[in-house]
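Report on the following structure.
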Amino acid sequence: MKYVEKVLEDLKKRNPNEPEFHQAATEILTTLSPIVEKHPEYEAAGLLERFVEPERIIMFRVPWVDDSGKVNINKGYRVQFNSAIGPYKGGLRFHPSVNLSIIKFLGLEQILKNSLTGLPIGGGKGGSDFDPKGKSDREVMAFCQSFMTELYRHIGADTDVPAGDIGVGAREIGFLFGQYKRICAEHVGVLTGRGLAYGGSLVRKEATGYGLVYIVEEALKARGESLNNKKVIISGSGNVAIYACEKAQSLGAKVVAMYDSDGYVYDANGINLAVIKEIKEIRRGRIKEYTQKVKSAIYTEGCKGIWTIPCDIALPCATQNEIDADSASALVKNGVKYVAEGANMPSTLEAIEVFQNNKVVFLPAKAANAGGVATSALEMAQSSGRMFWSFEEVDEKLKNIMINIYHNIDDAAKEYGYEGNYVMGANIAGFLKVAAAMMAHGVV
Ligand code: NDP
Ligand code: 2IT
């Protein structure tokens with residue numbers, strides 16, 4: 001049996017009941033054959049076995065008291081996956097679906113994503129099955145303080161630097177940071193996505209969505225096209241979706257649909273983003289309220305139908321496995337030309353196959369949504385240098401990082417004989433740097 005197959009089979013046996021982790025590992029390992037064939041020393045050093053095993057997993061109890069006085073218990077996680085090229089770096093997700101399998105898939109992806117940014121950051125991820133939706137600010141604060149009361153001992157500005165993900169935005173980062181500072185008595189860059197008043201970076205809020213559109217723009221440019229007048233569908237209506245929409249619109253694209261976990265809105269005239277921001281960022285409301293403000297828009301209950309709307313470009317920006325083979329086929333049938341993943345692993349393995357078989361330009365998450373974590377690394381640099389860069393400076397750096405990622409994955413795909421296959425390109429380019437660092441460190 002081939003080395004990569006052996007490692008994958010072993011991983012499934014040793015980590016049963018972790019379907020999302022198996023899926024991410026399958027996507028990555030099956031593309032690494034050309035590299036391990038070229039480097040037999042990797043097998044001798046047990047490199048892949050070490051790569052897929054987290055350096056450390058921390059799981060803890062998070063007790064907190066709700067507004068009715070009831071004691072609630074949630075599960076807390078931090079997976080410190082790989083620190084070969086820098087301190088562990090990656091977001092925290094608060095969502096009722098969170099479990100170890102999901103945090104491990106996100107952590108594994110994060111290692112290669114962070115490598116692709118070209119910046120010195122290792123891979124980690126964490127979170128909780130806590131659901132911030134419908135909770136009061138005081139309840140969210142109580143939860144965040146309890147979560148940090150355990151997490152603080154495992155993280156640090158040069159050790160492990162968490163940030164946001166689903167359900168963790170500016171409010172949660174503020175509460176988490178406040179508790180860290182109180183316990184440790186240090187004001188350092190231990191979290192990114194901080195508010196501008198206490199050490200955050202300009203553009204971090206916009207970075208994932210903007211970065212996603214910058215890489216799409218570069219892919220279009222390489223084919224003699226632009227975003228102007230392109231019809232775009234964006235799933236989700238959270239942080240990534242909103243700023244992907246903002247940048248796409250500013251470059252002349254027409255975004256016609258967005259969703260939340262209840263259903264989607266279709267607006268043939270183009271989404272009015274100010275209305276979405278007011279509902280989602282200010283009131284934490286539901287997307288169906290959009291039709292109260294924009295009478296011509298249509299709301300449909302359920303998410304899946306969004307992928308049946310004809311478009312040139314699809315930007316899934318909500319959650320894992322939101323596009324299955326059926327949805328991918330519907331997109332292809334309706335003429336989609338580009339799919340770029342703002343969310344992590346939004347396309348199933350079967351959906352990716354549909355896109356690739358139909359010559360859709362498919363930009364996988366670890367390349368396409370790397371702008372968020374890259375700007376987090378820029379926030380870390382500003383924190384440790386006690387500097388503050390302007391919006392234009394950070395935006396320019398972000399744009400260059402995304403352009404570089406596009407060309408690195410394009411070159412890697414070509415070099416290994418898989419031109420246009422950006423899943424191969426991203427995994428290979430991301431892995432090579434991590435592998436070089438791990439080999440240099442010996443068996444650790
Ligand atoms: P938010 O919490 O701000 O928004 C998440 C959005 O996705 C909401 O509209 C939410 O709807 C929807 N959503 C979440 N879960 C589901 C579900 N199970 N089914 C349908 N819709 C769902 O998160 P972000 O925008 O920060 O994150 C979105 C995606 O982008 C995630 O996959 C995340 O891992 C990824 N990502 C985020 C980065 C960042 O910087 N924030 C960086 C790189 C990737 P509802 O409100 O109804 O729950
Ligand atoms: O998936 C991701 O890259 C993030 N949620 C952002 C991580 C970060 O550390 O900024």
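As the structure lists them, so they are numbered: ligands from 1, and atoms in each ligand from 1.
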For this session: For Arg93, take its heavy atoms, then give the atoms of ligand 1 lying under 4.0 Å from any of them.
Result: 31 (C), 32 (O), 33 (C), 34 (O)
Seminar exercise, completed: of all protein heavy atoms, closest to atom 25 (O) of ligand 1 is Val240 N, 3.0 Å
Seminar exercise, completed: Counting from 1 in the order shown, the ligand 2 atoms closer than 4.0 Å to a non-hydrogen atom of Ser376 are 8 (C), 9 (O), 10 (O)
For this session: Identify whether the distance between the nearest side-chain nitrogen and carboxylate oxygen of Asp165 and Arg93 falls below 4.0 Å.
Result: yes
Exercise. Which ligand 1 atoms are under 4.0 Å away from a heavy-atom of Gly236?
Worked result: 9 (O)
For this session: Give yes if a backbone or side-chain nitrogen or oxygen of Lys113 is under 3.5 Å from a nitrogen or oxygen of ligand 1, and no if not.
Result: no
Problem set entry | Close-contact set for ligand 2 against Ala163 heavy atoms, below 4.0 Å | 8 (C), 9 (O), 10 (O)
Exercise. Ignoring hydrogens and geometry, is there a side-chain-to-backbone donor-acceptor pair from Ser390 to Glu393 under 3.5 Å?
Worked result: yes
For this session: Report the relative orientation of the aromatic rings in Phe60 and Phe147; use parallel for angles under 30°, tilted for 30 to 60°, perpendicular for over 60°.
Result: tilted
Problem set entry | Atoms in ligand 1 with a heavy atom of Cys317 nearer than 4.0 Å | 28 (C), 29 (C)
Problem set entry | Nearest-option assignment for atom 6 (C) of ligand 1, heavy atoms, candidates Pro132, Gly238, Gly164, Ala244 | Gly238
Exercise. Among protein heavy atoms, which lies nearest atom 46 (O) of ligand 1, and at what distance?
Worked result: Arg286 NH1, 3.6 Å
Problem set entry | Side-chain heavy-atom pair Glu139, Asn72 within 4.5 angstrom cut-off | no
Seminar exercise, completed: Nearest non-hydrogen protein atom to atom 48 (O) of ligand 1, with distance, is Lys133 NZ, 2.8 Å
For this session: Starting from atom 7 (C) of ligand 2, find the nearest protein heavy-atom neighbour and note its residue, name and distance.
Result: Gly91 N, 3.5 Å
Problem set entry | atom 6 (C) of ligand 2 [closest protein heavy-atom partner, distance rounded to 0.1 Å] | Arg204 NH2, 3.5 Å
Exercise. Taking only heavy atoms of Ala343, which atoms of ligand 1 are found under 4.0 Å from at least one of them?
Worked result: 29 (C), 30 (O), 32 (O), 35 (C)
For this session: Could you list the atoms of ligand 2 found under 4.0 angstrom from a heavy atom of Lys125?
Result: 1 (O), 2 (C), 4 (C), 5 (N)
Exercise. Considering only the protein, which heavy-atom contact is closest to atom 15 (N) of ligand 1, and what is its distance?
Worked result: His95 NE2, 3.7 Å
Exercise. What is the closest protein heavy atom to atom 9 (O) of ligand 2, and at what distance does it sit?
Worked result: Lys89 NZ, 2.6 Å
Exercise. Around Lys181, counting heavy atoms of other residues, nucleotides and ligands shown, do more than 12 lie under 6.0 Å from its NZ?
Worked result: no
Seminar exercise, completed: Short version for Asn344: what comes under 4.0 Å of ligand 2, heavy atoms counted, is side chain
Exercise. Side chain or backbone of Arg93 under 4.0 Å from ligand 2, or both, or neither, by non-hydrogen atoms?
Worked result: neither
Problem set entry | Atoms of ligand 1, numbered as shown, that sit under 4.0 Å from any heavy atom of Gly342 | 30 (O), 35 (C), 36 (N), 44 (C)
Exercise. Which bit of Gln320 is near ligand 1, meaning a heavy atom under 4.0 Å away: side chain, backbone, both or neither?
Worked result: neither
Exercise. What residue and heavy atom of the protein are closest to atom 3 (O) of ligand 2, and at what distance?
Worked result: Lys113 NZ, 2.8 Å
Exercise. Is the Tyr406 to Tyr422 ring centre distance short of 6.0 Å?
Worked result: yes
Problem set entry | ligand 1 contact on Glu322 by region, counting heavy-atom pairs under 4.0 Å | neither
Exercise. Taking everything shown except Asn17 itself, do over 12 heavy atoms lie less than 6.0 Å from its CG?
Worked result: no
Problem set entry | Check: Phe105 ring centroid to His22 ring centroid under 6.0 Å | no
Exercise. Given Ile323 and Phe355, is the side chain to side chain contact (heavy atoms under 4.5 Å, CB included) satisfied, shown in steps?
Worked result: CA-CA 11 Å; Ile323 302 184; Phe355 293 138; 4.1 Å; yes
Seminar exercise, completed: Among Asn369, Asp165, Ile166, the residue with a heavy atom nearest to atom 44 (C) of ligand 1 is Asn369
Problem set entry | Sole candidate of Thr117, Asn114, Thr192 that passes side chain to side chain donor-acceptor pair (under 3.5 Å) when paired with Ser376 | Thr192
For this session: Have a look at Ala318, Gly371, Ala207 and point out the one with the heavy atom closest to atom 32 (O) of ligand 1.
Result: Ala318
For this session: Spell out, as yes or no, whether a donor-acceptor pair under 3.5 Å connects the side chain of Gln249 to the backbone of Ile271.
Result: yes
For this session: Check if Gly167 has a non-hydrogen atom at a distance under 4.0 Å from any atom of ligand 1.
Result: yes
Exercise. Can a salt bridge be assigned to the pair Lys205 and Glu281 using a cut-off of 4.0 Å between side-chain N and carboxylate O?
Worked result: no
Problem set entry | Ring geometry between Phe21 and Phe81 (parallel below 30°, tilted from 30 to 60°, perpendicular above 60°) | tilted
Seminar exercise, completed: Judged by heavy atoms only, the candidate from Thr319, Thr375, Ile276, Leu106 nearest atom 16 (C) of ligand 1 is Thr319
Exercise. Taking atom 43 (C) of ligand 1 as the point of reference, which of Thr192, Asp262, Thr208 owns the nearest heavy atom?
Worked result: Thr208
Exercise. Do any N/O atoms on Ser237 end up under 3.5 angstrom from N/O atoms on ligand 1?
Worked result: yes
Exercise. Relative to ligand 2, is Glu109 under 4.0 angstrom through side chain, backbone, both or neither, heavy atoms considered?
Worked result: neither
For this session: Run the contact test for Pro162 against ligand 2 with a 4.0 Å cut-off on heavy atoms, strictly below, and give the result.
Result: no
Problem set entry | Under-4.0 Å heavy-atom contact with ligand 1, by part of Met345 that carries it | neither
Problem set entry | Pair Glu217 + Lys247, salt bridge at N-O below 4.0 Å | no
Exercise. Is the shortest heavy-atom distance from the side chain of Ile276 to the side chain of Leu273 under 4.5 Å?
Worked result: yes
Seminar exercise, completed: Ranked by distance from atom 11 (O) of ligand 1, the top protein heavy atom is Ser261 N, 3.3 Å
For this session: Run down the list Val373, Val168, Asp260, Asn239 and name the one with the heavy atom closest to atom 26 (O) of ligand 1.
Result: Asn239
